[in-house]
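This report refers to the structure that appears directly beneath it.
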2 protein chains.
Amino acid sequence: MGLTNSILAGFQSKGYRLTASRKAIVRIFLNSKAPLSAVELNSRLKKIDVIVNKTTVYREIDFLKSQKVIRELPFGDGKKRYEKWPDNHHHHLVCISCDSIECIELTGCLEKEEKKIMKENNFKTIKHSLEFQGLCAKCQ
Amino acid sequence: MGLTNSILAGFQSKGYRLTASRKAIVRIFLNSKAPLSAVELNSRLKKIDVIVNKTTVYREIDFLKSQKVIRELPFGDGKKRYEKWPDNHHHHLVCISCDSIECIELTGCLEKEEKKIMKENNFKTIKHSLEFQGLCAKCQ
DNA sequence: CTATTAATGCAACTTACTTGCAATTGCAAC
DNA sequence: GTTGCAATTGCAAGTAAGTTGCATTAATAG
């Protein structure tokens, strides 16, 4: 049983229903390498002939977020973007020219730094975001 | 001559005009410790009885951005926020409960990491953002 | 098959931001 | 001080992302 199916089975066991849009959206997020905005998700659904109202798309995103299947990423363009909940914490290279997004991993130095800062500032971190904006190989 | 005035004098020498709203907005950004959204800026203007149309606020933000007096920060809440162009690069602690923002500085480990990543990915960075979201001392 | 209630669609609304255009105004030259 | 140019502004209307209330539909348990 694939990851998509095991997530869907988990939903069902909790009393949530397996609708066509839910199945399609989970599958899209799990197979997408790049983070998706609500609008991008909607157009991917159209491509595979799953016609869903935008309200449903937003509600499904909220649902998947609450179920920790996806997480929200903070980019600076006024659009919220989401990606499948990462097993490994990582960050992004966002090309300001072609909008492409690559995932990268960092070494441990940031975590140390983070702990220190949190202690000094008496701040309890829920999440952090580190995103690089610039030009990808193609666009330089 | 203060920083605000020298910036304003610079505008004038380039043929831009010193209007009441421009003067007030530059002063607000230079004196604000926390980054401001367009809406927040507008309400600060109201407080000091400088009544400006929101269109003007957005246009002035664009202008100050193009003049590198302020820069845009990437937060994930659907609102663009701006702060005075920083002499020293720094990052932010954003409280998800009360929306307060604190500025922090990091040690050099991130820069090293950044150079490595850029080389490996053949990516040319324009800027990076590192923001921590969580709960401030008051809100815990 | 039926009942329950999760999920959906629709329309109207909100918020952040933008655009076109006519009116205003800073300021430099006279 | 008056004049003229173009930078700046306000207004109204528009766009795009996201939200809400409510009536309807449909997935699933019994």
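Proteins get letters first, then strands, A, B, ... in listed order; numbering begins at 1 in each.
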>> With a 4.5 Å cut-off on side-chain heavy-atom distances among I, L, V, M, F, W and Y, is there a chain of contacts connecting B:Ile48 to B:Ile51?
In response: no
Discussion item. Tell me whether B:Ile70 shares a hydrophobic cluster with B:Tyr16, the cluster being built from Ile, Leu, Val, Met, Phe, Trp, Tyr side chains joined at under 4.5 Å.
Written reply: yes
Which of D:dC11, D:dT8, C:dC27 is nearest the side chain of B:Tyr16? It is D:dT8
Side-chain atoms of A:Lys54 come closest, of C:dA7, D:dT19, C:dA16, to D:dT19
Would a distance-only check, ignoring hydrogens and angles, find a side-chain to backbone donor-acceptor pair under 3.5 Å from B:Asn121 to B:Phe123?
no
For [X] and [N], give me the distance from atom [atom1] to atom [atom2], rounded to whole Å.
{"X": "B:Glu72", "N": "C:dC17", "atom1": "CD", "atom2": "C1'", "answer": "12 Å"}
{"X": "A:Asn42", "N": "D:dA16", "atom1": "CG", "atom2": "P", "answer": "14 Å"}
{"X": "B:Leu64", "N": "D:dT8", "atom1": "CG", "atom2": "P", "answer": "11 Å"}
{"X": "B:Leu18", "N": "D:dA7", "atom1": "CG", "atom2": "C1'", "answer": "12 Å"}
{"X": "B:Lys23", "N": "C:dC27", "atom1": "NZ", "atom2": "P", "answer": "7 Å"}
{"X": "A:Leu45", "N": "C:dG9", "atom1": "CG", "atom2": "P", "answer": "11 Å"}
{"X": "A:Arg22", "N": "C:dA6", "atom1": "CZ", "atom2": "P", "answer": "11 Å"}
{"X": "A:Asp62", "N": "C:dT8", "atom1": "CG", "atom2": "P", "answer": "13 Å"}

Whether the side chain of A:Lys80 and the base of D:dG18 hold a donor-acceptor pair under 3.5 Å is what I'd like checked.
no
dist B:Lys84:NZ -> B:Leu3:CG (nearest 0.5 Å) comes out at 8.0 Å
So, is [X] close to the [N] phosphate, meaning a side-chain N or O under 4.0 Å from OP1 or OP2?
{"X": "B:Asn53", "N": "D:dT9", "answer": "no"}
{"X": "A:Thr56", "N": "C:dA7", "answer": "no"}
{"X": "A:Ser21", "N": "C:dT8", "answer": "yes"}

Output, in order, the C-alpha distance, side-chain angles, deciding distance and verdict of salt bridge (Lys or Arg N to Asp or Glu O under 4.0 Å) for A:Glu72 and A:Arg81.
CA-CA 6 Å; A:Glu72 193 179 312; A:Arg81 287 165 179 275; over 6 Å; no
Of B:Arg17 and B:Tyr58, the one whose nearest nucleotide on DNA chain C sits closer to the 5' end is B:Tyr58
Applying a 4.0 Å non-hydrogen cut-off, can you work out what [X] is touching in the nucleic acid: base, sugar-phosphate, or nothing?
{"X": "A:Phe63", "result": "nothing"}
{"X": "B:Thr19", "result": "sugar-phosphate"}
{"X": "B:Ile61", "result": "nothing"}

Result for 5'-nearest mapping on DNA chain D, choosing between A:Arg59 and A:Ala38, is A:Ala38
